[in-house]
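Note sheet for the following structure.
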Amino acid sequence: MNIFVAKLNFKTTNEQLQAHFEAFGEVSSAKIIFDKETGRSKGFGFVEMPDDAAAKEAISQLNETEFDGRTIAVKVANPRS
DNA sequence: CATGAGCGC
């Protein structure tokens, strides 16, 4: 299941994001979206978890919670066109 | 170079 994570701290990295979600289950991939122009983080990313149950749990447990100093928004990601 | 809702190349 794909998970959308927004309002991340700009200094938050893929490793931190993955490690944060691994507390609820295995994470196949975690990716922060970086802006190609500035090279800085766009402040949001995506996490993919094989186990749907763990994914849903992670969403409900991490949404609207503080992570790396910022209150993040965790939701189910939309299908990429 | 900078910043704060959103959906990725």
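Residue numbers start from 1 in every chain, and the chains themselves are labelled A, B, ... in the order their sequence lines are given, proteins ahead of strands.
With sequence neighbours left out, the side-chain contact (heavy atoms from CB on, under 4.5 Å) criterion links A:Lys11 to A:Asn9, A:Asp68. A:Thr13 pairs by the side-chain contact (heavy atoms from CB on, under 4.5 Å) definition with A:Glu15, A:Gln16, not counting sequence neighbours. Residues satisfying the side-chain hydrogen bond (donor to acceptor under 3.5 Å, both in side chains) criterion with A:Glu22, sequence neighbours excluded, are A:Gln18. Residues meeting the side-chain contact (heavy atoms from CB on, under 4.5 Å) test with A:Ser29, sequence neighbours left out: A:Glu48. By the side-chain contact (heavy atoms from CB on, under 4.5 Å) test, A:Lys7 pairs with A:Ala73, sequence neighbours left out.
The distance between atom CZ of A:Phe4 and atom P of B:dA5, rounded to the nearest whole Å, is 12 Å. With rounding to whole Å, A:Phe44 atom CZ is found 6 Å from B:dG6 atom C1'. The distance between atom CG of A:Leu17 and atom P of B:dC7, rounded to the nearest whole Å, is 18 Å.
In this structure, A:Ile33 and A:Lys31 have side chains that are in contact, with non-hydrogen atoms separated by less than 4.5 Å.
Screening residues 23-73 of chain A for ring pair (Phe, Tyr, Trp, His ring centres under 6.0 Å) gives A:Phe4-A:Phe44, A:Phe4-A:Phe46, A:His20-A:Phe67 as the qualifying pairs, with residues at least two apart or on separate chains.
Judged by atom type and distance alone, A:Asn78 does not reach the base of B:dG8 through any side-chain donor-acceptor pair under 3.5 Å.
Contacts of residues 48-75 of chain A with DNA chain B (heavy atom under 4.0 Å): none. Within residues 25-43 of chain A, the residues approaching DNA chain B are A:Lys31, A:Ile33, A:Thr38, A:Arg40, A:Lys42, A:Gly43, by heavy-atom distance under 4.0 Å.
Atom OG1 of A:Thr12 sits about 9.0 Å away from atom CZ of A:Arg70, to the nearest 0.5 Å.
Ranking B:dG6, B:dC7, B:dC9 by closeness to the A:Arg80 side chain, first place goes to B:dC9.
When each of A:Leu8 and A:Asn2 is assigned the nucleotide of DNA chain B with its nearest heavy atom, A:Leu8 is the one assigned upstream, toward the 5' end.
A:Val5 comes within 4.0 angstrom of no nucleic acid atom, judged by non-hydrogen atoms across all strands.
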